[in-house]
Amino acid sequence: MQSEPSMITLRSSSLAVEIMTAGASVRSVHLAGIGPSLVVGAHDRAHYGAANRSFLGATIGRHANRIAHGRFEIGGQTFQLSLNEPPHHLHGGLTGFWARDWSLVAASDTQAVLRLEAADGEHGYPGEAVVTATFTLADDTLQIVYQGEVSRPSVMNLTAHLYFNLSGGPTTQDHRLTVAADAYLPVDAGLIPTGEIAPVEGTAFDFRSGRTLSEGPSLVDHNFCLNGGRQAVPRPIARLSSEAGRVAVEIASGEAGLQVYDGAKFDGTILGLDGRAIGRHGAIALEPQAWPDAPNQPLFPASRLDPGQTYRHESHYRFTRL
């Protein structure tokens with residue numbers, strides 16, 4: 001019988017957050033005075049790790065999102081990655097960072113620090129990698145900081161694959177989303193960016209003034225090009241709210257992109273924290289990160305990381321009652 005992975009519970013004056021060492025995953029977020037978890041998680045704790053193919057709450061790496069044909073070049077050398085979404089590479093491979101058991105190196109009531117090492121050549125990525133994930137509660141805000149270093153020129157792009165449902169209902173299509181992005185990345189049939197950076201003006205991808213998800217595109221699994229590009233200090237990038245749930249989450253990040261996935265592929269096979277099946281549109285993922293296929297797109301913000309450099313990604317999630 002498979003044993004359950006370890007779990008840490010962080011508490012502040014406003015929040016209680018469960019962190020799994022498997023995949024450095026956020027399993028639940030409870031706001032004082034609100035019943036259901038505002039982050040969608042799996043009822044069965046054994047789901048976390050390699051079985052978590054929907055990436056519920058997991059830390060994604062070594063490179064989040066898709067890399068076309070699982071291939072890129074650095075310094076004239078071609079690196080072939082594993083193809084776990086044939087013919088492409090997704091979220092670091094079949095046993096990416098989301099599937100690994102991280103080491104807990106420090107913990108307090110309001111903070112947990114997890115660490116992971118990846119070997120040179122793991123899933124085809126060059127260089128050894130050492131990364132940390134720090135989860136901190138500050139009143140009504142969950143802060144997530146990723147840091148990483150490599151031993152050879154490589155790429156790195158980490159994100160928290162948090163799925164939100166702010167009402168506890170069967171769908172998030174009534175949630176209202178605002179994204180600070182004047183452009184987005186159109187994709188081909190394999191969800192690989194075409195290379196075009198397209199304005200959202202006049203399209204269903206225009207969430208700048210806020211719109212319900214039902215008013216958006218019929219399928220959203222796209223990168224939004226955040227205004228101002230990558231920044232050292234997190235700035236407001238998105239807001240998701242639910243009138244039914246009387247809750248909002250405001251996201252701030254220093255990253256250049258926000259991947260929005262509307263949960264259209266949930267089919268009821270995973271039971272949520274309340275024991276009910278997670279169905280189509282039962283959760284929406286909002287993932288601050290570098291742009292997809294960045295290693296192959298010279299016009300996109302680079303995701304390269306060299307020895308001696310420190311990768312750092314900081315995002316904040318502030319939960320408030322309406």
Between His175 (side chain) and Leu166 (backbone), is there a donor-acceptor pair under 3.5 Å? yes

Expected output: side-chain Thr194 to main-chain Asp188 donor-acceptor under 3.5 Å: no

From Met156 atom CE to Asp306 atom CG, the distance as rounded to the nearest 0.5 Å: 11.5 Å

4.5 Å side-chain heavy-atom contact, Ile197 and Cys225: yes

What are the two closest heavy atoms between Gly195 and Gln297, and how far apart are they? CA-OE1, 3.7 Å

His91 and Asn65 have their tightest heavy-atom pair at ND1-N, 2.8 Å

Any side-chain heavy atom of Tyr184 sitting closer than 4.5 Å to one from Phe207? no

Between Leu38 and Leu258, is there a shared hydrophobic cluster once you connect ILVMFWY residues whose side-chain heavy atoms come closer than 4.5 Å? yes

Has the side chain of Thr159 got a donor or acceptor atom that lies under 3.5 Å from a matching backbone atom of Pro288? yes

Close side-chain approach of Arg11 to Asp109, heavy-atom, < 4.5 Å: no

Side-chain heavy atoms of Leu185 within contact of Pro292, under 4.5 Å: yes

Applying side-chain contact (heavy atoms from CB on, under 4.5 Å), run through Val260 and Ile284 and close with a yes or a no. CA-CA 7 Å; Val260 178; Ile284 176 174; 3.9 Å; yes

Using modelled atom types and a 3.5 Å cut-off, is there a donor and acceptor pairing between side-chain atoms of Trp98 and backbone atoms of Gly93? yes

Compare all side-chain heavy atoms of Val187 with those of Ile192 and state whether any distance is below 4.5 angstrom. no

For Arg176 and Glu243, indicate whether the former's side chain and the latter's backbone hold a donor-acceptor pair under 3.5 Å. no

Does the Arg246 side chain pair with the main chain of Ser167, one donor and one acceptor, at a distance under 3.5 Å? no

Check whether any side-chain N or O of Arg280 sits under 3.5 Å from a backbone N or O of Ala264 as a donor-acceptor pair, and report yes or no. yes

Linking I/L/V/M/F/W/Y whenever their side-chain heavy atoms sit closer than 4.5 Å, directly or via other members, would Val29 and Leu286 fall into one cluster? yes

Other ILVMFWY residues reachable from Ile74 by side-chain steps of under 4.5 Å: Ile67, Phe72, Phe79, Leu81, Tyr125, Val155

Hey, what do you get for CG (Leu114) to CE (Met20), rounding to the nearest 0.5 Å? 11.0 Å

Check the pair Leu15, Leu31 against side-chain contact (heavy atoms from CB on, under 4.5 Å), reporting the backbone distance first and the verdict last. CA-CA 5 Å; Leu15 296 176; Leu31 175 64; 3.8 Å; yes

Return yes if a side-chain donor-acceptor contact under 3.5 Å exists between Glu215 and Thr212, otherwise no. yes

Donor-acceptor check, side chain of Arg235 to backbone of Ser253, threshold 3.5 angstrom: yes or no? yes

Is Arg45 paired with Glu18 through a side-chain N to carboxylate O contact shorter than 4.0 Å? no

Spatial distance of atom CG (Asp267) from atom OG (Ser54) [nearest 0.5 Å]: 8.0 Å

Under 4.5 Å between any side-chain heavy atoms of Pro193 and Pro186, yes or no? no

Spatial distance of atom CD (Glu128) from atom CD (Glu149) [nearest 0.5 Å]: 12.0 Å

Is it possible for you to say whether Ile270 and Phe55 belong to one hydrophobic cluster, with membership spreading through side-chain heavy-atom contacts below 4.5 Å? no

For the atom pair CG (Asp262) and OG1 (Thr171), what is the distance rounded to the nearest 0.5 Å? 9.5 Å

Gly70 to His89 - nearest heavy-atom pair and separation: CA-CB, 3.6 Å

Does the side chain of Ser12 reach to within under 4.5 Å of the side chain of Leu10, using non-hydrogen atoms? no

Test: ring pair (Phe, Tyr, Trp, His ring centres under 6.0 Å). Region: residues 238-284. Which pairs qualify, not counting sequence neighbours? Tyr163-Phe266

Ser82 side-chain N/O to Asn84 backbone N/O, donor-acceptor pair under 3.5 Å: no

So ring pair (Phe, Tyr, Trp, His ring centres under 6.0 Å) across residues 285-313, not counting sequence neighbours, yields Tyr146-His313, Trp291-Phe300

Considering all heavy atoms, the nearest Leu273-Ser37 contact: CD1-CB, 3.6 Å

Give the intermediate values and the outcome of side-chain contact (heavy atoms from CB on, under 4.5 Å) for residues Leu142 and Ile144. CA-CA 7 Å; Leu142 168 62; Ile144 302 178; 4.1 Å; yes

For Thr95 and His123, work out which heavy atoms get closest and say how close. OG1-NE2, 2.7 Å

How about Asp221 and Gln259: does a side-chain donor come under 3.5 Å of a side-chain acceptor? yes

When you look at Leu56 and Arg27, which way does the side-chain contact (heavy atoms from CB on, under 4.5 Å) test go after all the steps? CA-CA 8 Å; Leu56 291 174; Arg27 182 173 183 249; over 6 Å; no

His69 vs His88 side-chain heavy atoms within contact, under 4.5 Å: yes

If we ignore angles and hydrogens, is there a donor and acceptor under 3.5 Å between the side chains of Ser14 and Asp139? no

Same cluster (ILVMFWY, side-chain, under 4.5 Å), Ile237 and Phe224: yes

Do any N or O atoms from the side chain of Arg230 and from the backbone of Ala290 form a donor-acceptor pair under 3.5 angstrom? no

Cluster question for you: counting only ILVMFWY and a side-chain heavy-atom cut-off of under 4.5 Å, with indirect links fine, are Val249 and Val17 together? yes

CZ-CG distance between Arg66 and Asn296, expressed to the nearest 0.5 angstrom: 14.5 Å

For Pro126 and Arg62, which heavy atoms make the closest approach, and how far apart are they? O-NH1, 2.9 Å

When the ring planes of Phe319 and Phe164 are compared, do they come out parallel, tilted or perpendicular, using 30° and 60° as the limits? tilted

